[in-house]
2 protein chains.
Amino acid sequence: MLSIGDLSKRTGVKVPTIRYYEQMGLIEAAERSEGNQRRYERNDLERLAFIRHARDLGLDIPAIRELIALSQHPDLPCVNADRIAADHLVAVREKIEKLKKLEHELERIISHCDGHSIEDCYVIRALSDHGLCEGEH
Amino acid sequence: MLSIGDLSKRTGVKVPTIRYYEQMGLIEAAERSEGNQRRYERNDLERLAFIRHARDLGLDIPAIRELIALSQHPDLPCVNADRIAADHLVAVREKIEKLKKLEHELERIISHCDGHSIEDCYVIRALSDHGLCEGEH
DNA sequence: ATAATTCCTCTAGTGACTAGAGCTACAAGA
DNA sequence: TCTTGTAGCTCTAGTCACTAGAGGAATTAT
Ligand SMILES: [Zn+2]
Ligand SMILES: [Zn+2]
Ligand SMILES: [Zn+2]
Ligand SMILES: [Zn+2]
């Protein structure tokens, strides 16, 4: 039987975050000690590691909730789980694309400034006028 | 004299967002009509376009506030403005790096699943065990 | 004059936590 | 056994950059 602090140390998930996940329905409400403190078992540890890993990979809470639900029906086909991952990959790629455009534009803007007065500053001028940009954002 | 709705249409910034920018101190409190409605002039339009463009480039509100303050001292050297842009570029690059790692890991995970049952699903297995990952996140 | 639209302020909600207040439970040492 | 210190509990509010909605007033068009 682990306290919430033990669980936290072993998974690297902070104590308030564990309580938050319980509130969000990712973790079942834990058993309680006589003094009303949460007590966890080994499978809670696995569940929490799963959640943490999914979060580290950028999945949001509704997606994780769905994956947990799916993982409890081992006989079902896994298309839905695969789709969640694939959709997330698409979203990640879109973010990368947007950020690359920003990176490109920022590089260009910064390199065009000679670093003298604000009056001539290309950074300020570029911000004032999107017409100076190469692409859209 | 423009109403807040006119300003919104010409800049593409939504009406509540304009009021929010005023509250955040990015725009000076506008003059009011007899009936207490905001009335804007041409230079408010430029200011708002500046803010919008800076936001589109991903700058946050404190950074924009600082850039606006700087832009009102044309004789000062522009190192601080350039630094804000450069710092932002660094942050953008860091985000891109993180997302590329995620992209790589997600691609790998998805391609390893044969798409049969949940029991064998590589997506679920990979989420359960970071040891199956190639990198850190 | 009336109706339709726009405007006002204020509050609360978003996502995924984090911080803090005020209180209680538990574990270890004297 | 008592005491102290750490860890736990609940509840509220704050983060960021907005967005949505309520309830009412002003403006514009017909
Ligand atoms: Zn400059
Ligand atoms: Zn631009
Ligand atoms: Zn699968
Ligand atoms: Zn991993």
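All chains are named by letter (A, B, ...) in the order of the sequence lines, taking the proteins before the strands, and each is independently numbered beginning at 1. In this text, all values refer to a predicted model and were calculated from it rather than measured experimentally.
Taking 4.0 angstrom as the limit, B:S33 places none of its side-chain polar atoms (N or O) nearer than this to OP1 or OP2 of D:dA26. Regarding contacts with the backbone of C:dT9, every side-chain N or O of B:R19 stays at 4.0 angstrom or more from both OP1 and OP2. Put simply, A:S3 has a side-chain N or O that comes within less than 4.0 Å of OP1 or OP2 on D:dG8. Taking only side-chain nitrogens and oxygens, A:T17 never comes nearer than 4.0 Å to OP1 or OP2 of C:dA16. At least one side-chain nitrogen or oxygen of A:Y21 sits closer than 4.0 Å to the OP1 or OP2 atom of C:dC17. Side-chain nitrogen and oxygen atoms of B:R39 include none within less than 4.0 Å of the OP1 or OP2 phosphate oxygen of C:dC8. Dashed line: the shortest gap from a side-chain N or O of A:K14 to OP1 or OP2 of C:dC17 is not under 4.0 Å. Contact annotation: B:R38 does not reach the phosphate of C:dC7 (side-chain N/O to OP1 or OP2, under 4.0 Å). Checking the phosphate oxygens (OP1, OP2) of C:dT24, no side-chain nitrogen or oxygen of A:R32 falls inside 4.0 Å.
Between A:N36 and A:L59, the one whose closest nucleotide on DNA chain C sits nearer the 5' end is A:L59. Checking B:I61 against B:E34, the closest nucleotide of DNA chain D that is more toward the 5' end is the one next to B:I61. Summary of the strand contacts: B:D6 and A:R55 both lie near DNA chain C, and taking for each the nucleotide with the nearest heavy atom, the more 5' one is attributed to B:D6.
Atom-to-atom, CE of B:M24 to C1' of D:dT15 comes out at 12 Å; the value is rounded to the nearest Å. Put simply, CZ on A:R52 is 15 Å from P on C:dA16, counting in whole angstrom units. Rounded to whole Å, the distance from NZ on B:K95 to P on D:dC16 is 13 Å. Atom-to-atom, CG of A:L2 to P of C:dC26 comes out at 16 Å; the value is rounded to the nearest Å. With rounding to whole Å, B:L48 atom CG is found 16 Å from D:dA17 atom P. One can place CD1 of A:I27 at 14 Å from C1' of C:dC17, the figure rounded to the nearest angstrom. The CE-P distance, from B:M1 to D:dT28, rounds to 13 Å in whole Å. Between B:Q23 atom CD and D:dA17 atom P there is a gap of 13 Å when expressed in whole angstrom units.
Out of C:dC7, C:dT18, D:dC18, the shortest distance to the side chain of A:P16 is found at C:dT18.
Using a 4.0 Å cut-off between charged nitrogen and carboxylate oxygen, A:E107 and B:R93 count as a salt-bridge pair. In this structure, B:K101 does not pair ionically with B:E136, as no charged nitrogen and carboxylate oxygen lie closer than 4.0 Å. Contact check on B:R10 versus B:D6 returns no salt bridge, with no Lys/Arg side-chain nitrogen under 4.0 Å from an Asp/Glu carboxylate oxygen.
Connection of A:I68 to A:L76 is established within a shared hydrophobic cluster, with ILVMFWY side chains joined at heavy-atom distances below 4.5 Å, either directly or through further cluster members.
Nearest heavy-atom pair across A:R108 and A:H112 is O-ND1, 2.9 Å.
Using a 4.5 Å heavy-atom threshold, the side chains of B:I109 and B:L127 count as separate.
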